[in-house]
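Since we're looking at a predicted model, the values are computed, not measured.
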Amino acid sequence: MPKSRIRKKKDAAFHAPEKKESTKLDMGGRRWVAPLMLAMFVIGLAWIVLFYVTQAELPVAALGNWNIVVGFGFIAVGFVVSTQWK
């Protein structure tokens, strides 16, 4: 097996790289995203569970099986809000 070549250093003195100043990134003040997203998920899940547990009497009896769509609508809104999270 052939030996690898040894590189010769051109300059023996070590030069440290220049320090760069760090810049603080503005996150846009999006602290509302995570709580709202989780709230939408919980509301949607609670809506669907309440519909099944009460045997279609609650949360809105007039909607009937459309209560499931409403619950999934809240969950979908939670996913849409999650796209704003940075």
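Residue Phe79 holds its CZ atom at 9.0 Å from CE of Met37, rounded to the nearest 0.5 Å. Atom CD1 of Ile43 sits about 8.5 Å away from atom CG of Leu36, to the nearest 0.5 Å.
Criterion: ILVMFWY side-chain heavy atoms under 4.5 Å apart, direct or through other members. Under it, Leu38 and Leu50 are not part of a common hydrophobic cluster. Under the 4.5 Å side-chain heavy-atom criterion for ILVMFWY residues, no single connected hydrophobic cluster contains both Val80 and Val69. Note on Val77: it does not cluster hydrophobically with Leu45, by side-chain heavy-atom contacts below 4.5 Å among ILVMFWY residues. In the hydrophobic cluster analysis, where Ile, Leu, Val, Met, Phe, Trp and Tyr join through side-chain heavy atoms closer than 4.5 angstrom, Trp66 is grouped together with Ile75.
Residue pairs meeting the side-chain hydrogen bond (donor to acceptor under 3.5 Å, both in side chains) criterion with at least one partner in residues 37-52, sequence neighbours excluded, are Trp47-Asn67.
Side-chain contact between Phe41 and Phe74: absent, with no pair of heavy atoms (C-beta onward) separated by less than 4.5 Å. In this structure, the side chains of Leu58 and Phe51 stay at 4.5 Å or more apart for every pair of heavy atoms. Residues Arg30 and Trp85 fail the side-chain proximity criterion, which asks for heavy atoms closer than 4.5 Å. Side-chain contact check for Trp32 versus Val81: some heavy-atom pair is nearer than 4.5 Å.
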